[in-house]
Amino acid sequence: MTETTTWTRHHVLSLADFSPREYDTVLQTAASFREVLSRRTKKVPALQGQVVANLFFEPSTRTRSSFELAAKRLSSDTLNFAPGTSSLTKGETILDTAKTYWAMGANIMVIRHRQSGVPGAIAQAMDHLQAGVKVLNAGDGLHEHPSQALLDLFTLCSLIDFEAPRLHCLAGKKIAIVGDILHSRVARSNIWSLSAAGADVHLAAPPTLLPSLFAEMGQVTLHWELAPALQGADFIMALRLQKERMTQNLLPSLREYHQQFGITRDRLQLCHPDVKILHPGPVNRGVELSSDLMDDPRLSLINQQVTSGVAIRMALLYLLAFPTGSPVL
Amino acid sequence: MTETTTWTRHHVLSLADFSPREYDTVLQTAASFREVLSRRTKKVPALQGQVVANLFFEPSTRTRSSFELAAKRLSSDTLNFAPGTSSLTKGETILDTAKTYWAMGANIMVIRHRQSGVPGAIAQAMDHLQAGVKVLNAGDGLHEHPSQALLDLFTLCSLIDFEAPRLHCLAGKKIAIVGDILHSRVARSNIWSLSAAGADVHLAAPPTLLPSLFAEMGQVTLHWELAPALQGADFIMALRLQKERMTQNLLPSLREYHQQFGITRDRLQLCHPDVKILHPGPVNRGVELSSDLMDDPRLSLINQQVTSGVAIRMALLYLLAFPTGSPVL
Amino acid sequence: MTETTTWTRHHVLSLADFSPREYDTVLQTAASFREVLSRRTKKVPALQGQVVANLFFEPSTRTRSSFELAAKRLSSDTLNFAPGTSSLTKGETILDTAKTYWAMGANIMVIRHRQSGVPGAIAQAMDHLQAGVKVLNAGDGLHEHPSQALLDLFTLCSLIDFEAPRLHCLAGKKIAIVGDILHSRVARSNIWSLSAAGADVHLAAPPTLLPSLFAEMGQVTLHWELAPALQGADFIMALRLQKERMTQNLLPSLREYHQQFGITRDRLQLCHPDVKILHPGPVNRGVELSSDLMDDPRLSLINQQVTSGVAIRMALLYLLAFPTGSPVL
């Protein structure tokens with residue numbers, strides 16, 4: 001790793017104001033860690049003696065495990081907060097919980113909460129206390145999920161330039177984001193990053209799941225049917241459909257959703273011949289994607305996304321811990 | 001450690017096809033790790049940078065803790081999957097969960113599931129993907145629990161030859177397996193290993209818990225009463241009785257079970273004078289065993305079994321990670 | 001660290017019989033670890049290869065995390081027992097669970113249980129087995145919570161003499177313990193330590209939460225109203241109020257409790273001008289303390305208590321592991 005000296009951000013809460021240079025620093029750092037992960041001993045001592053607290057107020061398997069593994073591979077100590085058995089049931093506020101982990105010695109807090117803005121509020125409180133604690137948003141309500149969008153970006157850019165994945169790799173690429181965009185923090189973060197990359201972003205969903213206000217988020221094109229979004233697409237990003245949406249009368253049935261917006265082999269005929277499919281997981285097989293597409297390694301990038309996740313999260317933890325770079329790698 | 005070069009197995013799913021040479025390699029490797037565990041610093045760097053994922057879809061304390069400690073003492077990083085807070089509740093398939101952990105970087109998966117065959121199905125999927133992931137069955141339904149039978153074997157053989165525990169140590173020894181054999185994956189795995197050792201295996205249980213088809217598993221003798229199984233026995237292996245069996249009308253009452261099949265000091269008169277008792281735990285005191293026998297260190301091998309478990313699991317993880325041996329120890 | 005050679009205690013279960021020399025050894029050792037925690041790499045290899053088992057039969061976030069972090073910073077391996085998914089639901093006794101962790105290789109057991117005396121019973125069983133296992137009481141029923149009282153002591157003494165915190169620092173200081181004393185193991189442990197220090201201890205609570213038998217615990221003064229306890233106080237220790245107490249008819253309402261016994265800025269006029277406030281957390285804001293006091297760094301020692309907790313728990317784990325001192329630090 002040669003130069004990561006441009007990093008000045010204390011917290012990663014949103015991609016709305018990420019600069020191209022920041023995107024590139026993250027991508028470049030993640031590429032360095034991908035090289036580490038290809039070694040026999042996939043560990044570096046960079047964060048030894050530092051404490052990463054995973055405060056997942058909303059349950060999670062894959063994101064929590066990914067951050068935990070990233071933290072362990074940087075040799076940090078990790079603390080996991082389990083909401084079920086916690087003081088929250090005793091009436092403590094979320095901010096008091098965060099302050100407790102700070103006082104215990106946490107250096108970085110990775111926070112997921114079902115309410116938008118909680119990681120931001122904790123970051124603000126930590127700054128106000130001059131605590132020196134760094135906050136990473138691991139998904140907050142319907143707001144953002146920055147590390148997911150960054151791992152998507154890393155996956156896509158690496159496909160185009162494995163050695164030097166950079167934001168500009170995606171300029172002009174047509175990317176269709178399909179599914180429950182209204183309720184997706186993944187979609188929101190991806191719209192920021194893909195717009196910043198100069199990609200041609202198309203959103204497709206039933207009108208109940210894609211209000212027209214999304215047009216205001218940037219240079220995106222909205223579709224209330226699937227075909228025009230797929231037409232010539234280089235990449236399709238399918239979003240997870242929460243089954244709860246049906247009971248909320250936002251969807252008639254999963255079967256009908258699949259008939260109108262499910263990604264199937266037939267519909268790929270519309271896309272660029274080398275089209276690839278992403279999904280943040282976990283997938284409802286036969287709803288968002290037909291099962292055979294998910295398992296086709298020529299089409300699905302889902303496993304690469306998971307692998308990218310560890311490298312991206314190592315990069316984010318590392319950059320927050322060592323904003324001006326470090327000789328450790 | 002001099003020679004462990006005979007190991008070629010990629011997964012440990014069942015003992016049905018274990019060769020005598022494989023048993024001896026496991027016993028020999030576990031004996032080496034027992035020596036490590038007697039040192040002041042009970043750790044070796046063998047699996048540093050590797051990831052052991054404990055995927056316990058069925059809850060467990062002792063087996064999970066034992067595998068976790070074994071993995072930590074080999075210096076690997078561990079990831080624990082908690083079914084309660086997992087994506088399984090979000091409708092993801094078990095195979096997709098396993099693929100996610102593979103893509104994250106897991107090298108070895110330790111899998112428990114209440115359905116028989118799940119670890120095998122995951123192993124097959126991993127091989128099909130050429131993932132290089134090794135799978136260890138930590139108990140699947142009524143099928144097998146190989147690491148438990150191997151730790152039982154290690155405990156028994158070590159009693160006979162502590163320095164060089166080998167499979168043939170048990171040739172001709174009479175071993176009575178007593179209890180709910182029908183529902184016991186522990187019994188099934190032990191029948192394979194003890195038969196391979198040339199032990200004289202006797203099974204004893206009420207007819208509802210010991211169907212005659214068990215006679216087909218190998219050279220075992222079935223008894224629907226306790227006395228002939230205990231007659232001259234060198235070892236008694238009591239099995240845990242699930243209290244649910246009573247509501248299923250397979251058992252009249254725990255008291256009646258204890259009267260007919262409970263191991264008591266009186267009944268030990270029938271056995272070899274040096275008889276020892278094993279139990280995979282957790283014990284229902286006063287049901288499978290009278291409480292005083294369990295606490296008598298001259299009779300009970302229960303604590304030795306737990307201790308053996310860590311050495312055996314270190315051996316299994318090590319052999320899967322380094323099939324052709326390694327200079328690390 | 002020069003001399004810690006006076007430590008002979010095998011378990012820390014209660015402060016009732018702690019000697020002044022023991023208090024000072026703990027304080028001195030914790031001060032050494034505070035120095036370690038101020039370094040860039042906040043880790044020492046002291047307990048490498050040793051196993052600390054956190055057996056929290058009663059759920060806990062802050063105490064468990066604090067012990068876990070202390071153990072990790074001493075480089076030990078940690079095992080966490082999760083009551084929800086445990087063999088306890090399978091009918092195993094608590095002592096059998098503890099024996100299993102011993103047989104697995106646990107060197108130190110940190111135990112919390114809602115029943116008084118459980119850690120003591122486990123310690124006794126371990127001694128009887130000559131297991132060499134050390135037991136740390138992390139809170140048992142209404143009995144004691146020694147590490148909490150020791151971290152309170154360390155916080156207070158460090159305020160008076162940061163470099164050399166010693167028991168005698170608190171001689172003659174007036175300390176008011178306010179709240180649900182009847183149900184507080186924190187209060188019980190603090191009464192022992194503060195009395196040993198020669199502090200002037202005053203207890204204040206409604207009569208239902210402060211039976212007169214507390215007068216027998218040592219040189220303490222009881223008050224059924226707040227004002228005389230606060231009069232000239234150097235320190236106020238507010239206790240957590242369990243909301244369940246109201247349904248038990250021990251309290252009229254939280255609002256009435258706050259009116260009579262809540263610590264507010266007005267009431268601090270009664271105290272010494274430099275008065276400081278402690279609370280073991282989690283705080284019910286607006287009940288035990290008014291919210292603004294809790295967030296005022298000139299008044300509240302709550303964050304220092306949490307920070308002290310890690311140093312005190314490192315000290316306790318270290319002293320139990322190396323009773324006659326060690327050259328490791």
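Only heavy atoms go into these numbers, but all of them, side chains included; no hydrogens, no water, no symmetry mates. Here is how names work: the chains are called A, B, and so on, in the same order as the sequence lines, proteins then strands, and each is numbered from 1.
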query: So with a 6.0 Å cut-off around NE2 of A:H258, is the heavy-atom count from everything else above 12?
result: yes
message: Please determine whether a side-chain nitrogen of the Lys or Arg among B:D77 and A:K43 lies less than 4.0 Å from a carboxylate oxygen of the Asp or Glu.
response: yes
Among the listed options A:G281, A:S66, A:S308, A:G309, the residue most often paired with chain B at heavy-atom distances under 4.5 Å: A:S66
- prompt: Does the distance from a Lys or Arg side-chain N to an Asp or Glu carboxylate O, for A:D295 and B:K99, drop under 4.0 Å?
  reply: yes
- request: Would you check, one step at a time, whether the test side chain to side chain contact (heavy atoms under 4.5 Å, CB included) holds for A:L69 with B:Y101?
  value: CA-CA 10 Å; A:L69 188 54; B:Y101 279 91; over 6 Å; no
statement: Note: B:T100 and A:V306 closest approach over all heavy atoms is O-CG1, 3.3 Å
task: Could you grab the distance from atom CG of B:L79 to atom CZ of A:R64, nearest 0.5 Å is fine?
output: 8.0 Å
- line: Taken in chain and number order and not counting sequence neighbours, the residues that satisfy side chain to side chain contact (heavy atoms under 4.5 Å, CB included) with A:R114 are A:E58
message: Please check if the number of heavy atoms outside A:R265 that lie under 6.0 Å from its CZ is greater than 12.
response: yes
message: Are more than 12 heavy atoms, taken from residues, nucleotides or ligands other than B:Q115, located less than 6.0 Å from that residue's CD atom?
response: no
task: Give, for atom CZ of A:R62 and atom OG1 of B:T97, the distance between the pair rounded to the nearest 0.5 Å.
output: 7.5 Å
query: So do A:K72 and B:T78 actually touch side chain to side chain, heavy atoms under 4.5 Å?
result: yes
message: Quick check: do A:K42 and B:V51 have side-chain heavy atoms less than 4.5 Å from each other?
response: no
query: Would you say the side-chain atoms of A:T307 pair up with the backbone N or O of B:M104, donor to acceptor, closer than 3.5 Å?
result: no
